[in-house]
Number of protein chains: 2
Amino acid sequence: MAKQRLPYTEDQERLARYAKALAHPARIYILQFLERQCACYVGNIVDELPMAQSSVSQHLKELKEAGFIQGAVDPPRVKYCINREQWLEAQALFAAFFGQGE
Amino acid sequence: MAKQRLPYTEDQERLARYAKALAHPARIYILQFLERQCACYVGNIVDELPMAQSSVSQHLKELKEAGFIQGAVDPPRVKYCINREQWLEAQALFAAFFGQGE
DNA sequence: TAACATCATCGTATTATTGCGATAAATTAA
DNA sequence: TTAATTTATCGCAATAATACGATGATGTTA
């Protein structure tokens, strides 16, 4: 039996990680917003979402840790934008995943 | 301010829902396995994964509830396969999402 | 300096996820 | 009928996710 196999492949782990970052509509919204705006401040995002500033900050942190976005301090504000390199990697992983069947 | 806006669009909700179903490497594995095998029994999947039968059953339940797979009783076993229609919908949602930037 | 603006982090509460063993349900085989 | 096989569900424990208000950190403006 294969029970003592190494758990999962690197790609499976990474895909699951990206998927988890996308597993909340607020984070989907933020990423789509950043796609349109190219870059924007935290306050702009807070104004758009139906939740507290601290909650938005938490979602931004998760997107950053997943690699989807990156922040740059622009005192007294923080400007966020898509991390294009990681975005493309995620895109490729999802495309490969969904491309298997067809 | 836009704080009293309807939370999220239908597509954002659905994409987040699909993403959540993909947010665990075991579920990625199961879907890829089903893609290769076309259809198989629960026991075949249990043999492949490093977790208890009850845990695998739980993951199958989540994939089924998300719409990715469907089961058919074939006594005394249950045969699972990809739900092609929903798979294609998820594929389209992810493609549209990642296609926005490029 | 003092007040303000912006954002991150802390502490907390609630709920969801993950995994397990045990058990139930359903069917088949002896 | 009894035993065996297969899968789902239950109950539990541990951990993670979600959201909030309060506070902290940092830099700006008055």
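No experiment lies behind these values; they were computed from the predicted model shown. Proteins come first, then strands; the chains are lettered A, B, ... in the order of their sequence lines, and each starts at number 1.
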- Query: What's the CD-P distance between A:Q58 and C:dT15, to the nearest Å?
  - Reply: 18 Å
- Note on the structure: Testing D:dT6, C:dA8, D:dG27 for proximity to the side chain of B:R77, the answer is D:dT6
- Item | Pairing of B:R27 and B:E65 as salt bridge, 4.0 angstrom limit | no
- Nearest whole angstrom, please: distance from the C1' of D:dA16 to the CZ of A:R17. 14 Å
- Whole Å only: how far is the OH atom of B:Y41 from the P atom of C:dT28? 12 Å
- Would you call A:R14 and A:D11 a salt bridge, using N to O less than 4.0 angstrom? yes
- Query: Which nucleotide in the list C:dT18, D:dA19, D:dA8 gets nearest to the side chain of B:E62?
  - Reply: C:dT18
- Message: Before we go on, tell me: are the rings of A:F94 and A:W87 under 6.0 Å apart, centre to centre?
- Response: no
- Could you state the atom-to-atom distance from OH of A:Y8 to P of C:dT18 in whole Å? 11 Å
- Task: May I ask you to verify if any side-chain N or O of A:S57 is less than 4.0 angstrom from the OP1 or OP2 atom of C:dA8?
- Result: yes
- Whole-Å gap separating P (D:dT5) and CG (B:D74): 18 Å
- Task: I would like to know whether A:Y41 and A:Y80 meet ring pair (Phe, Tyr, Trp, His ring centres under 6.0 Å); could you show each step before the answer?
- Result: CA-CA 6 Å; A:Y41 299 108; A:Y80 277 100; 9.8 Å; no
- Message: Between P on D:dA16 and CD on A:E65, what's the gap in Å once rounded to a whole number?
- Response: 13 Å
- Task: Measure from NZ on A:K61 to C1' on C:dT6 and round the result to the nearest Å.
- Result: 18 Å
- Taking only the side-chain nitrogens and oxygens of B:H59, find out if one of them lies under 4.0 Å from OP1 or OP2 of C:dG19. yes
- Query: Whole Å only: how far is the CG atom of A:L22 from the P atom of D:dT18?
  - Reply: 12 Å
- Task: Tell me which nucleotide among C:dC20, C:dT9, C:dA8 gets nearest to the side chain of A:Q53.
- Result: C:dA8
- A:P76, nearest nucleotide to its side chain (from C:dT6, D:dC20, C:dG19): C:dT6
- Message: If you only use heavy atoms from C-beta on, which nucleotide in D:dG21, C:dA8, D:dA19 is closest to the side chain of A:S55?
- Response: D:dA19
- Query: Below 4.0 angstrom from OP1 or OP2 of C:dT6, is there any side-chain N or O of A:Y80?
  - Reply: no
- Does A:P75 or A:R27 map to a spot on DNA chain D nearer the 5' end, using the closest nucleotide for each? A:R27
- So do B:L34 and B:C81 actually touch side chain to side chain, heavy atoms under 4.5 Å? no
- Considering only D:dA16, D:dA8, C:dG21, which nucleotide approaches the side chain of A:K20 most closely? D:dA16
